[in-house]
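Below you'll find the structure, written out as structure tokens, and then a few comments.
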Amino acid sequence: MEIKIEKTTNPKQKPDASSVVFGKEFTDHMFIMDYSKEKGWYAPRIVPFSNLSLNPASAVFHYGTEVFEGLKAYYTPSGKAQLFRPEENIKRLNNSAERLALPQLDEQFALEALKKFVSIEKEWIPKKFGTSLYIRPFLFASEPALGLHSIDEAMFVIIASPVGNYYKEGINPVSIMIEDEDVRAVRGGTGYAKCGGNYAASNRAGEKAEKKGFSQVLWLDGVERKYIEEVGSMNVMFKIDGKIITPKLTGSVLPGITRKSCIQILKGWGYDVQERLISVDEIGEAMKNGKLEEAWGTGTAAVVSPIGLLQYKDTNYSINNGKIGEITKKLYDELTSIQWGNKEDKYNWCAQID
Ligand SMILES: *Cc1c(COP(=O)(O)O)cnc(C)c1O
């Protein structure tokens with residue numbers, strides 16, 4: 001399929017990356033492709049960024065049939081633009097789509113479309129270390145019918161937004177509230193899919209946490225509310241007594257690409273990394289005995305985010321005296337130097353943009 005390109009005649013003023021608010025300003029173009037049951041995917045195009053026109057009966061508005069991805073384009077000091085493991089995002093988008101019975105993408109074509117789109121928006125990638133172009137591919141059911149049946153029409157869209165340094169004022173550890181009422185996902189549900197619905201289910205607890213002054217929620221499993229799952233939009237890792245422990249992918253945890261990359265780096269450094277069930281009691285015990293040495297979240301937005309305080313059942317536990325831990329810092333430095341091209345990409349994770 002050939003991607004039709006219609007360039008804007010009215011390019012926008014590019015914002016200063018040091019002052020942009022995450023996800024509010026978008027580049028000049030967007031990628032769109034339509035799907036129908038008869039035709040399959042058709043009419044891939046890169047067009048000026050604009051509103052989408054959708055029938056109010058479109059399934060996405062009523063039944064939440066939407067999946068998405070998030071990745072970044074980075075500028076290296078040698079002036080090259082690159083993506084970090086983009087094929088992983090496309091693969092996960094297809095896995096998410098499969099769970100919601102949305103149509104599958106041809107992964108090779110989707111990757112090509114993504115790269116083409118980013119290459120057209122290359123000038124929008126901010127150049128300073130720590131800044132990047134956040135890319136949001138999403139796929140949803142667009143057919144105008146309220147009846148519940150298989151999905152006959154869908155759209156795949158890619159938009160992008162320049163982002164400043166997540167850690168403008170240095171890497172400050174975050175405070176996290178362990179949520180013991182609401183749950184985000186259950187096994188057999190959509191937890192492993194990156195879908196809007198999971199975020200809808202998370203909103204209430206997120207607001208509660210924000211009101212109490214916490215930055216995010218740490219989720220427990222949906223059945224027993226006993227096992228740690230993940231933090232807001234990040235996976236979570238703990239260093240207990242020298243070992244690294246992270247919740248295993250049970251089906252209700254989002255399989256993060258940053259998580260996967262961190263595990264590979266940590267193993268390469270010789271750490272004992274355990275992917276297993278971790279109960280909140282085990283964390284509580286470790287906190288009481290002073291064996292919880294470090295805790296951090298992993299995700300594309302913040303890369304690695306140190307956790308300085310955990311609250312569980314109204315008790316606050318400080319971790320590493322509220323300071324960033326040694327491994328947390330080392331991981332952050334390693335990943336960001338690969339992503340921003342300050343270090344040799346020995347894992348072959350980066351994909352160049354022409
Ligand atoms: C996207 C996401 C993550 C992090 O995934 P990355 O691929 O590392 O960005 C973790 N948890 C949830 C719920 C997410 O949506």
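Residue indices begin at 1 and follow the sequence shown. One-based numbering, in listed order, for ligands and for the atoms of each.
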- [ ] Examine ligand 1 and decide if any of its atoms is less than 4.0 Å from a heavy atom belonging to R184.
- [x] yes

Task: Non-hydrogen atom of G232 closer than 4.0 Å to ligand 1 - done: yes

Open item on the list: Counting only heavy atoms closer than 4.0 Å, does ligand 1 sit against the backbone of T258, its side chain, both, or neither?
Closed with: both

Task: Polar atom proximity, I257 to ligand 1 (N or O, under 3.5 Å) - done: yes

Open item on the list: So D28 and E123, do their side chains get closer than 4.5 Å, heavy atoms only?
Closed with: no

Task: Passing candidate, ring-ring contact (aromatic ring centres under 6.0 Å, His included) with F84, options Y134, Y347, W349 - done: W349

- [ ] Starting from atom 3 (C) of ligand 1, locate the nearest protein heavy atom and write down its residue, its atom name and how far away it is, to 0.1 Å.
- [x] S233 O, 3.3 Å

Task: Protein heavy-atom partner closest to atom 11 (N) of ligand 1 - residue, atom, separation in Å - done: E230 OE1, 2.5 Å

TODO: Look at atom 9 (O) of ligand 1 and say which protein heavy atom is nearest, naming residue and atom and giving the distance to 0.1 Å.
DONE: T300 OG1, 2.6 Å

TODO: Could you find the nearest protein heavy atom to atom 1 (C) of ligand 1 and give me its residue, atom name and distance?
DONE: K194 NZ, 1.4 Å

TODO: Considering only non-hydrogen protein atoms, determine which one is nearest to atom 5 (O) of ligand 1 and report residue, atom name and distance to 0.1 Å.
DONE: G256 CA, 3.4 Å

Open item on the list: Yes or no: does K260 have any heavy atom under 4.0 Å from an atom of ligand 1?
Closed with: no

Open item on the list: Between D221 and K226 (side chain of the first, backbone of the second, donor and acceptor by atom type, cut-off under 3.5 Å), is there such a pair?
Closed with: yes

Task: Identified side-chain hydrogen bond (donor to acceptor under 3.5 Å, both in side chains) counterpart of T328 within the set K323, E294, K239 - done: E294

TODO: Compute both the distance and the angle, then confirm whether K12 meets the cation-pi test with F49: under 6.0 Å from the six-membered ring centre, within 45 degrees of the axis.
DONE: yes

Task: Under-4.0 Å salt bridge between R45 and D34 - done: yes

Task: Taking every non-hydrogen atom, the tightest pair across K72 and A301 - done: NZ-O, 2.9 Å

Open item on the list: Is the distance between the ring centroids of Y199 and F68 under 6.0 Å?
Closed with: yes

Open item on the list: Which residue and atom name correspond to the protein heavy atom nearest atom 15 (O) of ligand 1, and how close is it?
Closed with: Y199 OH, 2.5 Å

- [ ] Run the numbers for me: atoms of ligand 1, each under 4.0 Å from some heavy atom of R92, listed by number.
- [x] 5 (O), 6 (P), 7 (O)

